[in-house]
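Let me begin by presenting the structure, written as structure tokens, before commenting on it.
Fair warning: this is a prediction, and the values are worked out from it, not measured in the lab.
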Amino acid sequence: MTTDEMLRLKSIFMAPYIQLAASLIGKTREGGGNMFRHQLDTMAILIDYNHIDSVLLKASIVHDIIEDVPNFNHNLLLSIDFESPAVYELVIEVSRRPNETKPEFLTRILESGSDQAKILKTADRISNMISLGFVVPTDFIHRYTEETVRYVYPIAEEADMAMLSELKTLVDSRRRYVNYLNENPIPTENQNYDLRFF
């Protein structure tokens, strides 16, 4: 990261967005952790790939809040700072609409999503794939991995080729994990998994 990029990050007013995202702390994830940590993980992935646009980073911190906080008061988000309307619009763009299927949602992002929406969705999926681990049923891991290949790879290809490369690595590791579990029954107390596949 260059000095200029570090200075740009330093000037971004993030605390109110983090405070708003704290409403997700109690919402657990099936794979472990909670939705609040996922928001911060997504932001960290963006920074790791040098995506340091202030609207994008702010949106990453609250990108699931509309979907996952019942009766969310959107005025809380719209009134934070001068960039709040743009942050809100980006969050709306990466949120599933009522009655929108997952394939329809991801296809909408690919076909008509902004560059920022594609970058944010790719970082979000990287975070989800990282946490898609070893307490989630293998049939879900398989479905989610194949959904990533079919719908998210094309989004990532338009967003950031380096992020696409990480997604491909994650998909490969999850496929190996599922294949290993399908070939090896759940161990008894006296057996262990061969962890090199994970």
Side-chain angles (χ1 to χ4, degrees), residues 1-29 31-100 102 104-131 152 155-156 158-164 166-167:
M1 183 170 289
T2 67
T3 302
D4 181 55
E5 289 168 333
M6 289 172 67
L7 290 172
R8 283 175 57 202
L9 271 177
K10 186 177 179 180
S11 69
I12 299 174
F13 189 55
M14 303 287 266
Y17 291 91
I18 295 171
Q19 184 177 15
L20 192 59
S23 61
L24 293 165
I25 288 175
K27 183 157 179 60
T28 60
R29 307 181 84 199
N34 62 49
M35 290 303 293
F36 173 71
R37 292 183 205 165
H38 167 62
Q39 310 304 291
L40 297 179
D41 289 344
T42 302
M43 180 187 65
I45 290 163
L46 290 170
I47 293 170
D48 188 30
Y49 284 99
N50 289 321
H51 293 289
I52 57 171
D53 174 80
S54 58
V55 170
L56 180 60
L57 293 179
K58 290 172 181 179
S60 71
I61 294 173
V62 293
H63 74 272
D64 284 321
I65 204 160
I66 290 172
E67 289 182 9
D68 292 331
V69 174
N71 303 312
F72 174 70
N73 180 354
H74 66 277
N75 290 317
L76 294 173
L77 177 53
L78 285 168
S79 62
I80 292 176
D81 62 19
F82 74 99
E83 290 186 314
S84 293
V87 172
Y88 178 76
E89 288 303 317
L90 182 53
V91 170
I92 289 292
E93 191 176 1
V94 297
S95 297
R96 278 175 68 178
R97 298 172 179 161
N99 303 316
E100 187 174 44
K102 195 76 169 287
E104 289 170 344
F105 164 61
L106 294 171
T107 300
R108 173 172 56 82
I109 298 282
L110 174 63
E111 293 178 353
S112 61
S114 66
D115 290 344
Q116 285 185 322
K118 291 173 183 176
I119 292 167
L120 179 51
K121 190 68 225 165
T122 302
D124 173 48
R125 185 55 67 114
I126 288 171
S127 174
N128 286 337
M129 288 295 294
I130 289 169
S131 67
V152 183
I155 294 170
E158 292 188 15
D160 185 310
M161 292 302 288
M163 293 170 83
L164 173 62
E166 181 173 357
L167 268 181

Atom CD of residue position Q19 - does it have more than 12 heavy atoms of other residues, nucleotides or ligands inside 6.0 Å?
no
Heavy atoms of other groups near D115 CG, more than 12 under 6.0 Å: no
Interatomic distance, NE2@H38 vs CG@D68, rounded to 0.5 Å, equals 8.5 Å
Separation between CD1 (I45) and CG (L40), nearest 0.5 Å, reads 11.0 Å
In terms of heavy-atom contacts, S95 and E100 come closest through O-OE1, 4.3 Å
- Query: So do the side chains of I119 and T122 get within less than 4.5 Å of each other, counting heavy atoms only?
  - Reply: no
What do the steps show when you test L24 against N34 for side-chain contact (heavy atoms from CB on, under 4.5 Å), and what is the final call? CA-CA 7 Å; L24 293 165; N34 62 49; 6.0 Å; no
Separation between CE (M35) and CD1 (I25), nearest 0.5 Å, reads 12.5 Å
Item to complete: Spell out, as yes or no, whether a donor-acceptor pair under 3.5 Å connects the side chain of R108 to the backbone of E93.
Response: yes
Do F72 and L20 come close enough that some side-chain heavy atom pair is under 4.5 Å? yes
*H74 and Y88 aromatic ring geometry - parallel, tilted or perpendicular at 30°/60° bounds*: tilted
Heavy-atom closest pair (S127 atom, D41 atom, distance to 0.1 Å) is OG-CB, 3.6 Å
Are any non-hydrogen side-chain atoms of L120 and T42 less than 4.5 angstrom apart?
yes
Separation between CZ (R96) and CG (D64), nearest 0.5 Å, reads 11.5 Å
In terms of heavy-atom contacts, R29 and S131 come closest through NH1-OG, 3.1 Å
Notebook entry, point to check: Heavy atoms, side chains only, cut-off 4.5 Å: are E158 and I109 in contact?
Noted result: no
Main-chain N/O of F36 paired to K27 side chain as donor or acceptor, under 3.5 Å:
no
Smallest heavy-atom separation, D53 atom then L56 atom, equals OD2-N, 2.9 Å
So CD1 of I61 and CD1 of I18: to nearest 0.5 Å the spacing works out to 4.5 Å
salt_bridge(D124, K121) N-O dist < 4.0 Å: yes
Nearest heavy-atom approach of S84 to L78 is CB-O, 3.2 Å
- Message: So that I can tick it off, tell me whether D81 and K58 are bridged by a salt bridge, with the cut-off set at under 4.0 angstrom between side-chain N and carboxylate O.
- Response: yes
Would you say Q39's side chain and H63's backbone share a donor-acceptor pair under 3.5 angstrom?
yes
Can a donor-acceptor pair be found, under 3.5 Å and without considering hydrogens, that links the side chain of S60 to the backbone of L57?
yes
key: Sub-4.5 Å side-chain heavy-atom contact between I52 and L46   = no
- Message: Quick check: do V87 and V62 have side-chain heavy atoms less than 4.5 Å from each other?
- Response: yes
To the nearest 0.5 Å, atom CG of L167 lies from atom CD1 of I155 at 10.0 Å
Handout entry: Heavy-atom side-chain contact between L106 and R125 under 4.5 Å
Key = yes
